[in-house]
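Okay, structure first, notes after.
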Amino acid sequence: MPVAHDEMERRVEEMKDALRARGMRLTHQRIEVVREIAGSEAHPDAETIYRNVRTRIPTISRDTVYRTAATLVELGCVTRTTLTHGPVRYDANLEHHHHFVCMRCGAAHDIVDPALDKVRASASSAGIGSVETVEVRLRGVCTECERSTGTTRRSRRKT
Ligand SMILES: [Zn+2]
Ligand SMILES: [Zn+2]
């Protein structure tokens with residue numbers, strides 16, 4: 001699912017401002033990396049970003065992708081997340097949100113759900129440290145995977 005156009009442009013401008021403030025030249029290549037990260041809800045890893053940008057700029061180097069992504073993390077424009085086993089993934093959604101992670105294909109979807117926002121750490125976690133934010137991770141099988149294997153549970157959904 002692509003990010004809504006306005007939201008994507010807002011993110012792109014924010015990232016460009018931050019890179020500029022850092023003294024980085026806004027090359028065509030860097031801007032394409034920025035657009036790829038800002039426009040994706042898929043929480044891509046660096047390799048996926050590289051593959052996608054390469055379809056538009058065949059000469060882009062892996063190094064440019066990795067370094068631009070790392071700089072965006074440093075600047076606080078993007079967060080690093082490990083939603084699944086494997087490489088670190090990038091999340092350009094800075095609003096507080098939760099995730100649904102598909103255990104079959106590894107897809108990670110953002111969830112904004114006031115009910116999940118109400119989850120609080122209980123006394124059992126007291127003593128470990130002070131909690132600043134709670135993120136809930138739902139694990140399951142995404143509808144696309146369910147569809148492709150023909151295991152839609154329509155009957156169960158009706159109830
Ligand atoms: Zn899936
Ligand atoms: Zn996310």
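Whatever order the structure lists ligands and atoms in, that order sets their numbers, starting from 1.
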Practice task
Can you tell me which residue pairs pass the side-chain hydrogen bond (donor to acceptor under 3.5 Å, both in side chains) test with a partner in residues 25-36, sequence neighbours excluded?
Solution key: E9-R35, E32-R56, E36-N52, E36-R56
Handout entry: V73 and its side chain to side chain contact (heavy atoms under 4.5 Å, CB included) partner, picked from V88, T79, V78
Key = V78
Completion exercise
So, leaving waters aside, the tally of protein N/O/S atoms less than 2.8 Å from the Zn ion (ligand 1) stands at 4
Is the shortest heavy-atom distance from the side chain of [X] to the side chain of [Y] under 4.5 Å?
{"X": "R147", "Y": "T143", "value": "yes"}
{"X": "D117", "Y": "H98", "value": "yes"}
{"X": "E95", "Y": "V112", "value": "no"}

Problem - Single-linkage hydrophobic cluster L72~M8, side-chain heavy atoms < 4.5 angstrom - result: yes
Exercise for the section: Could you name all protein N, O or S atoms found under 2.8 Å from the Zn ion (ligand 2)? Expected result: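 N, O, S partners closer than 2.8 Å: H43 NE2, D91 OD2, H97 NE2, H99 NE2, D110 OD1.
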Problem - Donor-acceptor side-chain pairing of T84 and R89 below 3.5 angstrom - result: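 Per modelled atom types, T84 and R89 side chains form a pair under 3.5 Å.
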Problem - Charged N-O contact under 4.0 Å between R10 and E7 - result: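 Salt bridge between R10 and E7, a charged N being under 4.0 Å from a carboxylate O: yes.
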Problem - Residues which pass side chain to side chain contact (heavy atoms under 4.5 Å, CB included) with D110, listed by chain and number, not counting sequence neighbours - result: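 Counting only residues at least two positions away or on another chain, D110 forms a side chain to side chain contact (heavy atoms under 4.5 Å, CB included) with E41, H43, D91, N93, H97, H99.
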